[in-house]
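One structure below.
Keep in mind it's a predicted model, so treat the numbers as computed, not measured.
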Amino acid sequence: MRFVRQSLIALVSLVLLWAGLSATHWLPFSTDVQRKSQAILAAPPLTAKGSRNAFAAIWLSHFDIPALEIERVAHDDVERFLGATFEQRVKFVTSAHGRYRKQDLDAASQSALCMRADGDCLARMRSNPELARKTLDDHALLLANALAMEGDDYYHDEFTSQLSPAVPRYSLIGLLRSDAALRFVDGKQADGLRRACSAAASSRRLALHSDESSTQAMESVGFVASTQMIADMLAEMPKEAPLPAICAEAFAPMSDAALSICDSMKAEFHARADLMRPPGSIGARLLFNDRATFDAMAPAFASYCSDDAALQQAVRRTETSLVFWRICGIDGVLFNYAGCTLAEMGDPRRMTAGLVERLRNMQRINRLMDAALDMRLPGWSWSTSHFPEGVWTDLSHVVGDAGTSKSPRFTIPVPASRLR
């Protein structure tokens, strides 16, 4: 009996010790790598910066708001959102509703335009140009708003929350492609090509200078779709036709460093605050330590921003650890079980592979388009030496992706009649 009594006392003491340490959030301690990761993630953006943020224009793109008022309306929405409760954020809508005229693309309108990223936009416009023209006229507000965004050079999501309301932009990319294609098939080839290159340049800027992963993914697809349409236009134009200056910007060399998703991962990390709020009850507090949870998550997110050897080694080590304590370690599991589960579920490596591949396809197709533009230079002749090193390897990764989540099909526009 004495042994049983002593065992019970020891067990109760351990439980009380565990409860005390868990409730006070004293353990687990922050490691050097975690502190370094937090500092990296708190640093200013590397690429999501510039002179004109597209946030207000995209957030309010479906409303007829005077240019001088749009920033004020967006600012008021942000202030109201940041001051809202969790439940209010879930149901949040802009204050522009009911105050300004709103325009949307219904299913019939979308079917008349180039909304599919892997479709032949020129062929669609030729199939029923009158319907396309009427649809664009009926949605002149949306098209004007989309054209106005082409001067924006980066995207920063000012809602900064996992609960950020959806930002509609994909339909606007389709409108820009449709407008450019219709002008081209109407005989205004130079104007159509210029507008198509402007759309591609806009998508390129926002894909490479954004702190929001879905925006990067959407704009990268928009860039590829616009580029395919430009390639199709060039295949129909005389070889001596001059290229608009904006085309050079759209297809300037794209370095590996430009494909960074660091700012998106910083924003993603900090946006999780809404979903990982400190618990109110003592029971929840025993199982969830918000500080330790963010510490545990930080290295994986920071690994997209730094080549620090200790940080990269710590992240690689989690890939070979047992799932149960992969992210947090044994002390994290013991004193932050619920937080460790959330950290494991929120590991960014689960969602970044597709985004990185989309940006890689942007780079591959940019190189292919650069080669295609070289074909138009005087004296060009058919020779693989004219293509950048590795372009054929890149081509094998891109062609054939139609219908997948990576990118639409892309072909180089070199009609046989033009080869010498």
Side-chain angles (χ1 to χ4, degrees), residues 44-62 70-71 74 78 114-115 117 142-160 164-180 194-230 246-255 257-268 271 304 352 354-366 369 407-408:
L46 298 174
T47 59
K49 57 185 179 180
S51 58
R52 284 183 53 176
N53 184 7
F55 169 77
I58 293 177
W59 168 239
L60 298 168
S61 59
H62 286 226
I70 191 168
E71 291 290 344
V78 170
C114 302
M115 294 297 148
L142 286 177
L143 179 58
N145 287 348
L147 289 169
M149 283 180 217
E150 293 188 339
D152 298 330
D153 54 359
Y154 76 106
Y155 180 84
H156 165 60
D157 181 1
E158 295 184 7
F159 288 122
T160 62
S164 293
V167 177
R169 159 76 177 172
Y170 187 74
S171 60
L172 302 183
I173 300 174
L175 275 171
L176 291 173
R177 285 205 310 275
S178 302
D179 175 64
R194 179 185 60 79
R195 291 202 174 209
C197 284
S198 183
S202 177
S203 285
R204 172 190 171 120
R205 284 193 297 271
L206 297 185
L208 300 183
H209 302 280
S210 172
D211 64 359
E212 209 275 319
S213 56
S214 63
T215 296
Q216 286 193 285
M218 186 182 302
E219 297 294 346
S220 65
V221 172
F223 173 82
V224 173
S226 295
T227 300
Q228 178 63 80
M229 184 175 68
I230 293 166
I246 188 65
C247 294
E249 177 186 340
F251 304 112
M254 193 180 294
S255 67
L259 307 181
S260 171
I261 62 172
C262 170
D263 288 343
S264 289
M265 292 301 100
K266 286 179 182 178
E268 186 80 23
Y304 293 95
T352 54
L355 174 58
V356 170
E357 184 62 17
R358 286 180 187 274
L359 295 177
R360 285 290 179 196
N361 272 343
M362 272 189 69
Q363 183 188 47
R364 292 164 181 151
I365 290 172
N366 191 76
M369 195 62 193
S407 72

Give the minimum heavy-atom separation between [X] and [Y], together with the two atoms involved.
X	Y	result
Ala196	Ser226	O-CB, 4.3 Å
Ala48	Tyr155	CB-O, 4.0 Å
Ala258	Leu208	O-CD2, 3.4 Å
Met149	Ile58	SD-CG1, 3.5 Å
Glu219	Ile173	OE1-CD1, 3.6 Å
Cys197	Ile246	CB-CG2, 3.5 Å

Decide whether [X] and [Y] meet the rule of one side-chain donor and one side-chain acceptor closer than 3.5 Å.
X	Y	answer
Ser214	Glu212	yes
Tyr304	Thr352	yes
Ser202	Glu150	no
Thr47	Asp263	yes
Asn361	Ser220	no

So [Y] and [X], do their side chains get closer than 4.5 Å, heavy atoms only?
X	Y	result
Asn53	Asp152	no
Asp211	Pro45	no
Val224	Thr227	no

Q: Determine the interplanar angle of the Trp59 and Phe159 rings, folded into 0 to 90°, and report it as parallel if under 30°, tilted if 30 to 60°, perpendicular if over 60°.
A: perpendicular
Q: Considering only NZ, NE, NH1 and NH2 on the basic side and carboxylate oxygens on the acidic side, decide whether Arg204 and Glu249 come within less than 4.0 Å.
A: no
Roughly how far apart are [X] [atom1] and [Y] [atom2], rounded to 0.5 Å?
X	Y	atom1	atom2	value
Ser213	Leu355	OG	CG	6.0 Å
Ser203	Arg177	OG	CZ	8.0 Å
Asp179	Leu147	CG	CG	6.0 Å
Leu359	Met254	CG	CE	8.5 Å
His156	Ser210	NE2	OG	10.0 Å

Is there a donor-acceptor contact under 3.5 Å from the side chain of [X] to the main chain of [Y]?
X	Y	answer
Ser178	Cys114	yes
Lys266	Pro44	yes
Ser198	Arg194	no

Q: Run the numbers on Phe55 and Tyr154 for side-chain contact (heavy atoms from CB on, under 4.5 Å), then give the verdict.
A: CA-CA 8 Å; Phe55 169 77; Tyr154 76 106; over 6 Å; no
